[in-house]
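In the text below, chain A, chain B and the rest are named by the order of the sequence lines, each starting its count at 1.
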Protein chains: 2
Amino acid sequence: MPAPSRTSVERIVAAGRSVLSDAGMEGLTMQRVASEVGVRPPSLYKHVANRADLVRLVVADIARETRELLAAAAGEGDAADDARAMALALRGFAHRDRHAFEAMFSPAADAATIDSAVYATAAEPILEVAARLAGADHALDAARTVTAWAAGFLTMELAGAFHLGGDLDRAYDYGIDALIAALRKPQ
Amino acid sequence: MPAPSRTSVERIVAAGRSVLSDAGMEGLTMQRVASEVGVRPPSLYKHVANRADLVRLVVADIARETRELLAAAAGEGDAADDARAMALALRGFAHRDRHAFEAMFSPAADAATIDSAVYATAAEPILEVAARLAGADHALDAARTVTAWAAGFLTMELAGAFHLGGDLDRAYDYGIDALIAALRKPQ
DNA sequence: ACCTGAACACCGTTCAAGT
DNA sequence: ACCTGAACACCGTTCAAGT
């Protein structure tokens, strides 16, 4: 007499995603997720291999979310406007959901190995603007430079590394403007 | 009959530093550190408040190390040469000791709250070159932009986020050149 | 004044037994 | 075919008892 599944990977990942948002990576425990889903911890192992696997799935979800966010920010402006809008959208996300942002952009000991395909997902819209901004030949380098800067800035901002004061909104603008100017292909 | 201390904070932090290097943040356990130091885990609590405290001290050590490293890289070249040399020195460190680098530049759930003074320590040599490069008025913004980019690039490189291939050495050069050009004060 | 063993709470994970 | 309780290993941390 087979027992019908009382949950599913989808529901487990969704629960994990929401636990992560409000308890952080450290609070993302199998026990908490199980109780959120209405099941006992051992049952989760019928649907995911282990905690690392669950974390990987949750991070992949966040990557998809990030891609949507960035794609939506790139409107019909020129390349520089779109790049600026995407940078601001990413900062908004980092502020709105710091745990999700950190899970994606800092290699917590927990996240262990993240599928590199996950990054490719989120990187698509960035590559597209980078190509328009820097030209096809430098699209990859330009995309990496901008992404590295934004990820680094926001990670450090969230970590409280920018303690020397000054207006961080302005500092972020300063950075994005400097990068756009530097990467822009000769007209 | 008071018992003479069989260890010290210094020795504990040094042990923690070396355990971190070869086992990562996740392998940095009180048990491992205790055994490295020749003592039982409960004894550590006579010298550090708890694991978070130990992690904080280890990270502060890494920050000092990083400052030395950066200061040594800034030779007698002009501002652009020094900035380049410092960026390369940081990358060398990230490759040589990835766990130490990650402990400093990614807010592991473990690191919890890092003293912001720790960042100030490591930032000093960067601020100094930034002032020479971008002028005193923009020193802080320029230092933040360069640091954010380098931290982001190296974190992503270590995480395997740059899977799309291409020469990463060249990509790093591309980034630092672009940033130097963008931040350089009008001559 | 520091060290220790014993103990506790909490975690991930396995597994035999239920349905 | 999935769920469960019981169990195990491992972790951080506390504390009374040793010296």
Engineer: For the pair made of NZ in K46(A) and C1' in dT14(C), what is the distance, rounded to whole Å?
Structural biologist: 11 Å

Engineer: Nearest to the side chain of R6(B), which nucleotide is it out of dT13(D), dC3(C), dC11(D)?
Structural biologist: dC3(C)

Engineer: Which residue is it: R11(A), H47(A), K46(A)? I am looking for the one with a side chain to side chain donor-acceptor pair (under 3.5 Å) to S5(A).
Structural biologist: H47(A)

Engineer: Among the nucleotides dC3(C), dC3(D), dC11(D), which one has an atom lying closest to any side-chain atom of S5(B)?
Structural biologist: dC3(C)

Engineer: Return the nearest nucleotide to the side chain of P42(B); candidates are dC11(C), dG5(C), dT14(C).
Structural biologist: dG5(C)

Engineer: Determine: side-chain N/O of R32(A) to OP1/OP2 of dC10(C), distance under 4.0 Å, yes or no.
Structural biologist: no

Engineer: Indicate whether OP1 or OP2 belonging to dA6(C) is found under 4.0 Å from a side-chain N or O atom of R40(B).
Structural biologist: no

Engineer: Nearest-Å distance, CG (L44(A)) to P (dT14(C))?
Structural biologist: 13 Å

Engineer: Expressed in angstrom and rounded to an integer, what is the separation of E26(B) atom CD from dG12(C) atom C1'?
Structural biologist: 12 Å

Engineer: Whole angstrom is fine here: how far is it from CG in D53(A) over to C1' in dT13(C)?
Structural biologist: 14 Å

Engineer: Please pick, from dG12(D), dG12(C), dT4(D), the nucleotide with the shortest atom-to-atom distance to any side-chain atom of R51(B).
Structural biologist: dG12(D)

Engineer: Does dA1(D) pair with anything, Watson-Crick or G-U wobble, both distances under 3.5 Å, and if so, with which nucleotide?
Structural biologist: dT19(C)

Engineer: Contact class for S43(B) (heavy atom, under 4.0 Å): base, sugar-phosphate, or nothing?
Structural biologist: base

Engineer: Could you tell me the separation between the OH atom of Y45(B) and the C1' atom of dT13(D), rounded to a whole number of Å?
Structural biologist: 5 Å

Engineer: Within this structure, what is the CE-to-P distance between M30(B) and dG5(C), rounded to whole angstrom?
Structural biologist: 17 Å

Engineer: Roughly how many Å is it from CD in Q31(A) to C1' in dA7(D), rounded to a whole number?
Structural biologist: 14 Å

Engineer: A cation-pi test, strictly: NZ or CZ of R144(A) under 6.0 Å from the centre of the six-membered ring of F162(B) and no more than 45 degrees from its axis. Yes or no?
Structural biologist: yes

Engineer: Can you check the I12(B) CD1 to dG12(D) P distance for me, whole Å?
Structural biologist: 14 Å

Engineer: Closest approach of G75(B) and D82(B), non-hydrogen atoms and distance?
Structural biologist: N-OD1, 3.3 Å

Engineer: What about the rings of H95(A) and F101(A), do their centers lie closer together than 6.0 Å?
Structural biologist: no

Engineer: Of the options dT13(D), dC15(C), dC3(D), whose atoms approach the side-chain atoms of T7(A) most closely?
Structural biologist: dC3(D)

Engineer: Kindly say whether L28(A) contributes a backbone atom to a donor-acceptor pair with the side chain of R51(A) at under 3.5 angstrom?
Structural biologist: yes

Engineer: Is there a Watson-Crick or G-U wobble partner for dA7(D) with both distances under 3.5 Å, and which nucleotide is it?
Structural biologist: dT13(C)

